[in-house]
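What follows is a single structure, written as structure tokens, with notes after it.
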Amino acid sequence: MASAAAPSPLPVATLSAPRAVAAAAPHALGFPRRLKPSTGVAPRCSLRVVASSSKVDPVEERAPVAPLAGFPVPAGASPPGPSLEPQPQVSTGTWKWRGYNIRYQQAGTSGPALVLIHGFGANSDHWRKNVPVLAMANRVYAIDLIGYGYSDKPNPRELGENFYTFETWGEQLNTFCAEVVKSEAFFICNSIGGVVGLQAAVMEPQKCKGIVLLDISLRMLHIKKQPWFGKPFIKSFQSLLRNTIVGKLFFNAVATPESVKNILCQCYHDTSAVTDELVQIILQPGLDPGAVDVFLEFICYSGGPLPEELLPLMKCPVLVAWGEKDPWEPVELGRAYASFDTVEDFVVLPDDEAPELLNPLVQSFVERHS
């Protein structure tokens with residue numbers, strides 16, 4: 001098992017609890033920001049900047065996205081396939097896990113398996129501009145984590161404490177690989193989906209061939225990152241959100257088309273990408289019964305693993321990519337992950353909203369480790 005070099009110190013949050021939750025809410029909601037075989041010891045990371053029992057039940061097919069022609073390809077990366085080659089159709093299916101319905105999307109019939117994991121509050125539609133392109137050379141799956149998207153949202157109060165945790169989602173991901181993908185896979189992860197991918201790889205390392213972490217969540221609301229004098233106040237504020245009407249009022253204020261659009265315009269460098277379609281992709285599943293309880297449960301989840309605790313345990317190659325203009329988790333903080341021996345590369349993307357940059361970066365990583 002590879003060991004980690006001492007990473008640059010990751011920051012301790014200094015926001016008060018209300019300000020911290022408010023600042024983290026857009027990122028916690030998971031608003032999409034477009035976005036050689038391993039020997040057990042990964043090479044030291046380089047830093048570079050890219051130039052500008054379950055049953056599978058397919059129920060739907062979507063028309064392929066138009067080919068992404070004429071876009072620049074990052075240095076050292078190869079495109080997923082000829083630009084004029086028709087892209088595979090994306091089908092949507094339902095998978096039963098622990099008795100719950102889990103929605104997923106898939107495309108491609110050959111090549112390595114890729115499983116795409118969304119951020120908090122988002123869903124597999126987050127990857128709508130990635131799945132059909134990557135499926136030209138791979139078998140691609142995108143999953144809705146339990147509690148999010150169009151997967152079931154069991155009430156955490158009825159399940160007891162500690163259901164919506166990274167261990168739960170890690171188990172879900174590994175079981176999905178065993179029962180649906182039916183092979184080892186590369187995990188392509190965004191935001192808190194990155195912590196899910198890392199946790200799954202720690203739990204069952206034989207299932208993961210490699211991980212790409214796009215703007216992985218720093219988990220700044222984690223209890224370990226709070227100053228000692230703020231910890232009691234944060235626990236009290238979390239209890240207020242979870243156990244009183246304040247939490248639902250907070251959620252209702254965020255879960256509107258106007259609020260979602262305003263927040264997306266803050267985090268998207270190119271605001272023309274904030275379309276009504278994108279707003280609905282984010283908003284609609286959040287209006288499902290039970291979504292507010294899951295949202296508040298995660299906002300109040302300040303324990304569990306941190307990325308810097310999981311990265312040293314990786315037995316597969318890891319690539320970290322970070323958007324240069326990420327407004328909530330700045331690249332300057334993310335650079336601390338470049339010092340881990342298990343991270344083979346840290347790539348700064350000028351615009352993490354651009355699939356024409358991310359797709360070839362992912363494809364190049366997969367080709368190196370297949």
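Note: hydrogens, waters and symmetry copies are ignored here, and every other heavy atom, side chains too, is used.
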Lys/Arg N to Asp/Glu carboxylate O, Lys129 vs Glu356, below 4.0 Å: no
CG/Leu173 to CD1/Ile146 distance, rounded to the nearest 0.5 angstrom? 13.5 Å
Do the non-hydrogen side-chain atoms of Phe176 and Ile102 ever get within less than 4.5 Å of each other? no
Checking Glu332 now: which residues fulfil salt bridge (charged side-chain N to carboxylate O under 4.0 Å, His left out) with it, not counting sequence neighbours? none
Who passes side chain to side chain donor-acceptor pair (under 3.5 Å) against Asn155, sequence neighbours left out? none
For a side-chain contact (heavy atoms from CB on, under 4.5 Å) with Phe365, tell me which candidate from Ile211, Leu319, Val347, Asp345 qualifies. Leu319
4.5 Å side-chain heavy-atom contact, His369 and Pro112: no
Note, Trp322 side chain near Arg335 side chain (heavy atom, < 4.5 Å): no
Does any pair with a residue in residues 181-201 pass salt bridge (Lys or Arg N to Asp or Glu O under 4.0 Å), and if so which ones, sequence neighbours excluded? Glu184-Lys209
For the residue pair Tyr141 and Tyr104, does the interplanar ring angle fall in the parallel (under 30°), tilted (30 to 60°) or perpendicular (over 60°) class? tilted
Please say yes or no: joined through hydrophobic side-chain contacts below 4.5 Å, possibly via intermediate residues, are Leu213 and Val331 part of one cluster? yes
Roughly how far apart are Tyr164 OH and Leu296 CG, rounded to 0.5 Å? 12.0 Å
For Asp152, the salt bridge (charged side-chain N to carboxylate O under 4.0 Å, His left out) test, sequence neighbours excluded, returns none
For residues Leu134 and Ile188, determine if any side-chain heavy atom of one lies less than 4.5 Å from a side-chain heavy atom of the other. no
Could you measure the distance from the CG atom of Leu114 to the CZ atom of Phe186? Nearest 0.5 Å is fine. 7.0 Å
Nearest heavy-atom neighbours spanning Val294 and Pro154: CG2-O, 4.4 Å
Given side chains that start at C-beta, do those of Leu357 and Leu361 come closer than 4.5 Å, heavy atoms only? no
Show your reasoning for whether side-chain hydrogen bond (donor to acceptor under 3.5 Å, both in side chains) applies to Gln105 and Asp144. CA-CA 9 Å; Gln105 301 183 56; Asp144 287 7; 5.4 Å; no
Between Ser151 (side chain) and Gly147 (backbone), is there a donor-acceptor pair under 3.5 Å? no
In terms of hydrophobic clusters joined by side-chain contacts under 4.5 Å, are Phe163 and Phe166 together? yes
If you define the side chain from C-beta out and look only at heavy atoms, does anything of Val196 sit under 4.5 Å from Leu145? yes
Please walk me through it: do Arg98 and Glu171 pass salt bridge (Lys or Arg N to Asp or Glu O under 4.0 Å)? CA-CA 11 Å; Arg98 293 192 182 184; Glu171 180 189 338; 2.6 Å; yes
NZ/NE/NH1/NH2 to OD/OE distance under 4.0 Å, Arg103 and Asp125: yes
Test side chain to side chain contact (heavy atoms under 4.5 Å, CB included) on Val115 and Cys177 and set out the steps. CA-CA 8 Å; Val115 180; Cys177 288; 4.2 Å; yes
Separation of Ser191 OG from His118 NE2 (nearest 0.5 Å): 10.5 Å
Give the minimum heavy-atom separation between Ala338 and Phe346, together with the two atoms involved. CB-CB, 3.8 Å
Same cluster for Leu333 and Ile192 if Ile/Leu/Val/Met/Phe/Trp/Tyr side chains link at under 4.5 Å? yes
Starting from Val320, can I reach Leu313 by hopping between I/L/V/M/F/W/Y residues whose side chains sit under 4.5 Å apart? yes
Side chains of Val195 and Pro305: closer than 4.5 Å at any heavy-atom pair? yes
Quick check for you: to the nearest 0.5 Å, what is the distance between Gln106 atom CD and Gln89 atom CD? 12.5 Å
Salt bridge (Lys or Arg N to Asp or Glu O under 4.0 Å) pairs touching residues 189-204, sequence neighbours excluded, are Glu204-Lys207
Is the closest side-chain donor-acceptor distance between Glu179 and Trp95 under 3.5 Å? yes
How far does CE of Met136 sit from OG of Ser110, to the nearest 0.5 angstrom? 11.5 Å
If hydrophobic clusters are built by linking Ile, Leu, Val, Met, Phe, Trp and Tyr wherever their side-chain heavy atoms come under 4.5 Å apart, do Phe187 and Met203 end up in the same one? no
Does Ala142 have any side-chain contact (heavy atoms from CB on, under 4.5 Å) partners at least two apart in sequence or in another chain, and if so, which? Leu116, Ser124, Trp127, Val131
Does Lys96 reach the main-chain N or O of Thr94 with its side chain, forming a donor-acceptor pair under 3.5 Å? no
